[in-house]
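Working notes, beginning with the structure itself.
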Number of protein chains: 2
Amino acid sequence: MSGRRISSQPTAANASSAPGSTVRIGVLASVIGFNLRMAQDASFRAFAKHAGLDHLKPGRYAAMTIIRDNPGIAQGEVGRAIGRDKSTVTPLIQDLQRQGFIVREASSTDRRRVTLRLTRAGDAALTSLSRRARDHERKLDAIVGDQKTAFVALLKKIATEIS
Amino acid sequence: MSGRRISSQPTAANASSAPGSTVRIGVLASVIGFNLRMAQDASFRAFAKHAGLDHLKPGRYAAMTIIRDNPGIAQGEVGRAIGRDKSTVTPLIQDLQRQGFIVREASSTDRRRVTLRLTRAGDAALTSLSRRARDHERKLDAIVGDQKTAFVALLKKIATEIS
DNA sequence: TATTGTTATACTCTATAACTATA
DNA sequence: TATAGTTATAGAGTATAACAATA
């Protein structure tokens, strides 16, 4: 571990950057977009590291939760819920099916639709994954503390209102 | 535009999901990790859309800002500042050089190190990109409002403390 | 005509590992 | 031995466009 530390403390107008000194991230320090990215990245990595994603990758968790909570949901609707194109959802769903976690069934009323529901194995896998997700979320809760409600409200607001 | 709306309102114990109804995202609604991802994703897409990233992709902005604020910084240090491996930074830097936005120079004191600084063209490009980034940040500011300080502090805290 | 889902394809971002050169 | 950077390579995730089936 060498090199400079990472800091948002802008040192004075010292011209050139020497090894061992501190990186000035400058205006980036207070930019919401940048910090959003760093936080999401760190959170994602921590989750992936602890969740042992051998046969259940992080994106799957949201999809499976949505399918569990909305049995009979169509693929496209899963995509809209997680903000992904249908062409992104197709392989994801196929993967879950290959692992025996979901069953796909053509809708009887609209044969274009493929309805989804968890199998018992899928439910068990989700339960196990949820346990690890809960550990991760607990860490986040500890970091965010009593501001969680306001914090999550702002994240939601960004997701829906930014354009 | 069809299908159900996305909502966090869990309807009662109605079993099966019908088209046109509302997707229950259930527990996901209050999960920090999920909302972090949705917010970051939406923010990133909006920025990319408006910034006209023809020859200056989003990751570049942070790197160039750091180089501008730390002339003579080494590649590896840029990587640490943005949380990326050196093998990820190399092509990014090469790309910036190919576009004439930065110059690379071997350090005189340690010839392994490649020091970086913006060219005049790079500075101009960064200025122009900054203008668009500022527009984007202004939108985020408007969404976040007077809670910005606390909000950014929490994002930073997540980025540094999650494990 | 519009929508659901699939496929082919391509692009971006990322890391691991092996390497060179320097320290 | 350790570090800075490069390269080869591979994998995740994503989208666009063209398509078939169905509405």
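Worth saying up front: this structure is predicted, and the values here are computed from it rather than measured. Lettering of chains follows the sequences in order, A, B, ..., and the numbering in each one begins at 1. As a basis for the values below, the full set of heavy atoms in this structure was taken, side chains included, without hydrogen atoms, waters or symmetry mates.
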For the side chain of [X], counting heavy atoms from C-beta on, which of [options] is nearest?
X        : options               : value
B/Asp85  : C/dT16, D/dG5, C/dT6  : C/dT16
A/Arg84  : D/dA15, D/dT6, C/dT14 : D/dA15
B/Arg111 : D/dT6, C/dG5, C/dA23  : C/dA23
B/Lys86  : C/dA18, D/dT7, D/dA15 : C/dA18
A/Arg112 : D/dG5, C/dA21, D/dT22 : D/dT22
B/Arg113 : D/dA4, C/dT14, C/dA23 : D/dA4

Please check the phosphate of D/dG5 (OP1 and OP2 only) for any side-chain N or O of B/Thr90 closer than 4.0 Å. no

Reckon A/Gln94 has a side-chain N or O less than 4.0 Å from the OP1 or OP2 of C/dG5?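 Looking at the OP1 and OP2 atoms of C/dG5, neither is under 4.0 Å from any side-chain N or O of A/Gln94.
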
Could you check A/Gln75 against A/Arg37 and say which one's nearest nucleotide on DNA chain C is further toward the 5' end?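 The residue mapped nearer the 5' terminus is A/Gln75.
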
Along DNA chain C (nearest heavy atom to each residue), the more 5'-positioned of B/Asp110 and B/Pro91: B/Pro91

Has the side chain of B/Ser87 got a donor or acceptor atom sitting under 3.5 Å from an opposite partner on the base of C/dT16?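 In this structure, the two groups form a donor-acceptor pair.
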
Can you check whether A/Val31's main-chain N or O pairs, donor with acceptor, with A/Asn35's side chain at less than 3.5 Å?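 Flag set: sc A/Asn35 to bb A/Val31 pair under 3.5 Å.
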
Nearest heavy-atom neighbours spanning B/Lys49 and A/Ser163: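 Result for this residue pair: NZ-O, 3.8 Å.
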
I need the minimum non-hydrogen distance between B/Ser30 and A/Glu137, along with the two atoms involved.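 Heavy atoms only, the tightest pair is O-OE2, 3.8 Å.
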
How long is the line joining [atom1] of [X] and [atom2] of [N], in whole Å?
X       : N      : atom1 : atom2 : answer
A/Leu92 : C/dT7  : CG    : C1'   : 16 Å
B/Ile93 : D/dT6  : CD1   : P     : 9 Å
B/Asp41 : D/dG13 : CG    : C1'   : 11 Å
B/Phe47 : C/dT12 : CZ    : P     : 16 Å

Other members of the hydrophobic cluster containing B/Ile158, with the 4.5 Å side-chain heavy-atom rule, please. A/Ile32, A/Leu36, A/Leu140, A/Ile143, A/Val144, A/Phe151, A/Val152, A/Leu154, A/Leu155, A/Ile158, A/Ile162, B/Ile32, B/Leu36, B/Leu140, B/Ile143, B/Val144, B/Phe151, B/Val152, B/Leu154, B/Leu155, B/Ile162

Taking a pair as Watson-Crick or G-U wobble with both distances under 3.5 Å, which nucleotide is matched to C/dT9? D/dA15

